[in-house]
Amino acid sequence: MATLLRSKLSNVATSVSNKSQAKVSGMFARMGFQAATDEEAVGFAHCDDLDFEHRQGLQMDILKAEGEPCGEEGAEPPVEGDIHYQRGGSAPLPPSGSKDQAVGAGGEFGGHDKPKITAWEAGWNVTNAIQGMFVLGLPYAILHGGYLGLFLIIFAAVVCCYTGKILIACLYEENEDGEVVRVRDSYVAIANACCAPRFPTLGGRVVNVAQIIELVMTCILYVVVSGNLMYNSFPGLPVSQKSWSIIATAVLLPCAFLKNLKAVSKFSLLCTLAHFVINILVIAYCLSRARDWAWEKVKFYIDVKKFPISIGIIVFSYTSQIFLPSLEGNMQQPSEFHCMMNWTHIAACVLKGLFALVAYLTWADETKEVITDNLPGSIRAVVNIFLVAKALLSYPLPFFAAVEVLEKSLFQEGSRAFFPACYGGDGRLKSWGLTLRCALVVFTLLMAIYVPHFALLMGLTGSLTGAGLCFLLPSLFHLRLLWRKLLWHQVFFDVAIFVIGGICSVSGFVHSLEGLIEAYRTNAED
């Protein structure tokens, strides 16, 4: 009897418990939740344990990664287009074929264990990029732009400084803990992130193409300016500008055998110092003729057909965005990047503006495409020889970077490569790899021979790739990746830069192309 009573009471209690659980489950279901069964609760407990073990494993991986050298042999390369998020805030280093790593390293390509650099050293690298020998074309931009050209030098400095900062901002995102960490490593990674997930590699390919065009055009400009300077330094010799370009290319042909830039990097500091000395000499000569300065020749109106070419020249002289991600990643204090960008671009703006203005005031309407061609014969020969030496020693850097990008894109081993690898198992360069390099040198020569116009080529390159890499893509990527976090004035600046940059790019490209066609027809008639 007692057993029967206990059984009934147990059944009643179980029924009441089931009804209570049903009511609670229904209430949670109406609120949008799902009550967990006993099996689910056990599963959640297992998930908690696994999550704890996973976090512990991540911490151990981070500790191991900090103690192991990067770029270990046999390690599986990252898949193109993947985004690598790391909790520690460190980003994967760029591949050895990227210009980011090449130029940002300031020396040998592909070195992953380089020491960190200070803000001053980073500023020196940026200064080398935006204060190179292409400032020799800025007085020619003032010739066609007048005071508006001077304003454009200031405006381009401000915009390029801003787009460099927002490009670096695209490297960072907040993790689940609310900390801002570096999740991307290069310009290509940013482009791929913007096109993901539908086209995970499209953006990187676009940036690589633009990068190759800019690097190859830079090599062509070095050959053009070498032939131009030598021809104008020794006009009495029976050697044409095209012949001087061929001689310069013959000197540059050993670049096809380069495996690294150790030998060339030793001369980089000397070349840069020599260039600053040359600029000082030109400015000193201009100041010695200050009494004859033609202030009345500086115009407030512009040449509608030729001023867009000046825009491309000025923009091209400020291009440095390609290697900024790697440069910022190699800084000891990345927080000092913004300050470094400010003082480097302010210094560049002041120096470029003064150089362009005093040079134009000295020669006015007689200003030539390369300003040193206006110097007297005795000074011109000495200055131009130093400039030719600088151009020839500067050629290997963009050449090697272009070769690396081409090899990694088309010849790298793997299923995505279009051609076999350029290097054998012993690290030696194969025949088709050497053929590719020699063909690139010959291509730069042919372009320099058939289009020997420094200012027009510089304007074309600046309008085509310079404006895209410095104005259009950074603002577009900033809007795409950080749209939800941007303030209204940041959105306005990005949209304005994109629109203005697009207009300047199209107009500059069209007018530069028209100028090249007209110059080609004139040469053909002569």
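We count residues from 1, following the sequence as given.
Between R182 atom CZ and I168 atom CD1 the span is 6.5 Å, to the nearest 0.5 Å. With rounding to the nearest 0.5 Å, the separation of CZ in F257 from CG in L434 is 5.0 Å. Here the straight-line distance linking atom CG of L215 with atom CD1 of I220 works out to 11.0 Å at 0.5 Å rounding. Interatomic distance, W120 CH2 to N125 CG, rounded to the nearest 0.5 Å: 14.0 Å. Here L354 contributes atom CG and C349 contributes atom SG; the two are 9.0 Å apart, rounded to the nearest 0.5 Å. To the nearest 0.5 Å, atoms SG (C170) and NZ (K165) are separated by 14.5 Å.
With a 4.5 Å cut-off on side-chain heavy atoms, L460 and L456 do not count as touching. Counting only heavy atoms from C-beta outward, the side chains of F316 and T218 approach each other to under 4.5 Å. The side-chain heavy atoms of I500 and F471, taken from C-beta on, include no pair separated by under 4.5 Å. In this structure, F477 and R480 have side chains that are not in contact, with every pair of non-hydrogen atoms separated by 4.5 Å or more. In this structure the side chain of Y140 never reaches within 4.5 angstrom of the side chain of V370, judged on heavy atoms. Side chains of T118 and E336 form no contact here, defined as non-hydrogen atoms less than 4.5 Å apart. Y222 places none of its side-chain heavy atoms less than 4.5 Å from the side chain of K390. Between V225 and L387, every side-chain heavy-atom pair lies at or beyond the 4.5 Å cut-off.
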task = Carefully, step by step, assess L473 and Y187 under the rule side chain to side chain contact (heavy atoms under 4.5 Å, CB included).
result = CA-CA 10 Å; L473 294 183; Y187 208 138; 3.3 Å; yes
key: Test side chain to side chain contact (heavy atoms under 4.5 Å, CB included) applied to Y318 and K352, step by step   = CA-CA 10 Å; Y318 279 106; K352 288 181 179 181; 3.6 Å; yes
query = Are V491 and L479 close enough, and set up right, to give a side chain to side chain contact (heavy atoms under 4.5 Å, CB included), and what steps lead you there?
reply = CA-CA 7 Å; V491 174; L479 290 171; 4.2 Å; yes
task = Using the side chain to side chain contact (heavy atoms under 4.5 Å, CB included) rule, take R437 and F400 through it: C-alpha gap first, then chi angles, then the decisive distance, then the call.
result = CA-CA 9 Å; R437 294 170 175 232; F400 193 75; 4.2 Å; yes
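The two residues P325 and I322 make their nearest non-hydrogen contact at CD-O, 3.7 Å. In terms of heavy atoms, N342 sits closest to C161 at OD1-SG, 3.6 Å. Contact detail for G468 and P474: the closest heavy-atom pair is O-CD, 3.9 Å. When every heavy atom of S463 is checked against every heavy atom of F509, the shortest pair comes out as CB-N, 3.3 Å. Here the shortest heavy-atom pairing between S475 and L472 reads OG-O, 2.9 Å. The two residues W343 and A119 come nearest to each other via the heavy atoms CZ2-O, 4.1 Å.
Proximity of a side-chain donor or acceptor of N175 to a complementary backbone N or O of D177 within less than 3.5 Å is detected. With hydrogens and angles ignored, the 3.5 Å screen pairs a side-chain donor or acceptor of K116 with a backbone N or O of G329. Side-chain atoms of T163 come within 3.5 Å of backbone atoms of C470 as a donor-acceptor pair (strictly under, hydrogens ignored). Between the side chain of N228 and the backbone N or O of V224, no donor-acceptor pair lies under 3.5 Å. Side chain of Q321 to main chain of L469: no donor-acceptor pair is present (N/O by atom type, distance under 3.5 Å, no hydrogens or angles).
Applying the 6.0 Å contact sphere to OH of Y147 captures more than 12 heavy atoms from other residues, nucleotides or ligands. Other residues, nucleotides and ligands contribute over 12 non-hydrogen atoms within 6.0 Å of the OH atom of Y285.
In this structure, the side-chain hydrogen bond (donor to acceptor under 3.5 Å, both in side chains) partners of H478, at least two apart in sequence or on a different chain, are D494. Partners of Y395 according to the side-chain hydrogen bond (donor to acceptor under 3.5 Å, both in side chains) rule, which considers only residues two or more places apart in sequence or in another chain, are T444. Evaluation of the side-chain hydrogen bond (donor to acceptor under 3.5 Å, both in side chains) rule for S512 yields no partner, not counting sequence neighbours.
With E173 as the fixed residue, the salt bridge (charged side-chain N to carboxylate O under 4.0 Å, His left out) test singles out one of R184, K485, R484: R184. A side-chain contact (heavy atoms from CB on, under 4.5 Å) with I314 holds for exactly one of I309, L150, I142, L138; it is L138.
By the 30° and 60° cut-offs, the orientation of the rings of H489 relative to F493 is perpendicular.
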